There are 2 protein chains.
Amino acid sequence: MESICFHFTSYISILRKGEVDIVTKTNNRVNILKAAAGIVREQGILALTLEAAASKAGVSKGGLLHYFPSKEKLIQGLVEHLNDSYVHNIRESVKNDQIKTGRWTRSFIQETNEQLINNQELNAGMLAALAVNPELLRPFQDAYQEWQKSMEEDGLNKVNATILRLAADGLWLSELFGLAPLEDDERQNVLEKLIKLSKEDFG
Amino acid sequence: MESICFHFTSYISILRKGEVDIVTKTNNRVNILKAAAGIVREQGILALTLEAAASKAGVSKGGLLHYFPSKEKLIQGLVEHLNDSYVHNIRESVKNDQIKTGRWTRSFIQETNEQLINNQELNAGMLAALAVNPELLRPFQDAYQEWQKSMEEDGLNKVNATILRLAADGLWLSELFGLAPLEDDERQNVLEKLIKLSKEDFG
DNA sequence: CATAACATACCGTCCAGACGGTTTTTTTGT
DNA sequence: ACAAAAAAACCGTCTGGACGGTATGTTATG
């Protein structure tokens, strides 16, 4: 009963609808990751201790250490978990985009925005990784490198595509640090313009 | 007398290399801030201890605590120091820009890029603040709010100006996390285009 | 009965901050 | 002009608690 519930929530974060989740045993593992991300989001990186994460996930410290034998492994697990979801969603979005020109750029913009709104855990993962060991960011960096390449070969002027990509990243930064984050309607306007610009050439 | 000293040392961090360091007896307060930023940059936030910062700055722990009575005050000092410089430089840049249209946007883009290249201490300060207490980011957030307002009243289309601003921020994010950071020449191209776009309307 | 999935107890280290100094600079009284 | 007083700058140790990680359990499951 409970396992079904947890199963469902973990399934949402990794897979989009339609997939079958074969791994049913990982619910506590995912619970721990979510707890860790939550702590970072709500109280900052320095508040992320093994005990705190375990307690919030409803397991003992020993239980946590069973899945993640060190703090670094915990963060690594978090990063990989989030990265999988990010990568997967963008790929899906590209697949569903009918227009060929700028589809990678468009998908990137949309999914980045999506993550900001519905999944601030991404911030938590990035910050935790940066704090503990920047090497842990590698999966993200690799994924980005790929995306950047795809966007440059997307049928748009290279510089233009890069500017659009950076604008989406800027949206992220502004949320991350609370640096003049956009109002909802203003962000909507910006988003629409970015999407529009991803279909034509400008400047 | 003392105020002059502070004035000068704060200038050291504002002026770029090539200037003469008149103040031979450098202010220890500023030394400590630089040391703290350096540690965060090189070894991450978790390596920032009072002892480490003191030692790197060449003072004792007691000496550090004389200037900054707590770790939080230390980070606060760091943030304020960096923010002062940032604000000052943008204001100067605006003053020196002959073209009226988009001068705030242009200055923002250029100075943000400048900070990224020559003063990665900014990253250190932001991350440290976020780690210790997000409230410490307030000065930056306030400054950004002001800039955003200025950019929106800069003679450009509001959405366009915001996109340019976000692109500059994206440049920052990409460096911060190493997410497909641009090659030097590519960044130059992007920068030039952003500057160009800040003089006309596009899209 | 073997292994995964936890829990409990405990250890060693690290670090923030307190505290009680000493030295140097500045101010003040004369 | 100068000593005395005050204040600012700086030093080094100590401690109590937090935290990462280990070691050793116990329970469920297949």
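Numbered from 1 within each chain, the chains take letters A, B, ... in sequence-line order. Quick caveat, the model's predicted, so the values are computed rather than measured.
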Pairs under 3.5 angstrom only: tabulate donor-acceptor contacts from the side chains of residues 124-134 of chain A to other protein residues two or more places apart or in another chain.
from     : atom 1 : to       : atom 2 : distance (Å)
A:Asn133 : OD1    : A:Glu135 : N      : 3.0
A:Asn133 : ND2    : A:Glu72  : OE2    : 3.0

Using a 4.0 Å cut-off on protein heavy atoms (strictly under), produce a 5'-to-3' string for nucleotides 9-18 of chain C with B for base contact, S for backbone-only sugar-phosphate contact, and - for none.
------SBB-

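Between B:Asn28 and D:dA9, a side-chain N or O to OP1/OP2 separation shorter than 4.0 Å is absent. Between A:Tyr67 and the phosphate of C:dC6, there is a side-chain N or O to OP1/OP2 separation shorter than 4.0 Å. Between C:dA5 and A:His66, a contact under 4.0 Å exists linking OP1 or OP2 to a side-chain N or O.
Qualifying side-chain hydrogen bond (donor to acceptor under 3.5 Å, both in side chains) partners for A:Arg103, counting only residues two or more places apart in sequence or in other chains: none. Residues forming a side chain to side chain contact (heavy atoms under 4.5 Å, CB included) with A:Gln98 (at least two apart in sequence, or on another chain): none. B:Asp142 is linked by a salt bridge (Lys or Arg N to Asp or Glu O under 4.0 Å) to nothing, counting only residues two or more places apart in sequence or in another chain. Every residue two or more places apart in sequence or in another chain that forms a salt bridge (Lys or Arg N to Asp or Glu O under 4.0 Å) with B:Lys95 is listed here: B:Glu92.
Look at CG on B:Asn27: it is 15 Å from P on D:dA8, rounded to the nearest Å. In this entry the distance linking CD1 of B:Ile32 with C1' of D:dA9 reads 10 Å, nearest Å. Spacing between atom CD1 of A:Ile45 and atom C1' of D:dA18 amounts to 18 Å, rounded to whole angstrom units.
A parallel orientation is assigned to the rings of A:Tyr86 and A:Phe108, their planes being inclined by less than 30° (bins at 30° and 60°).
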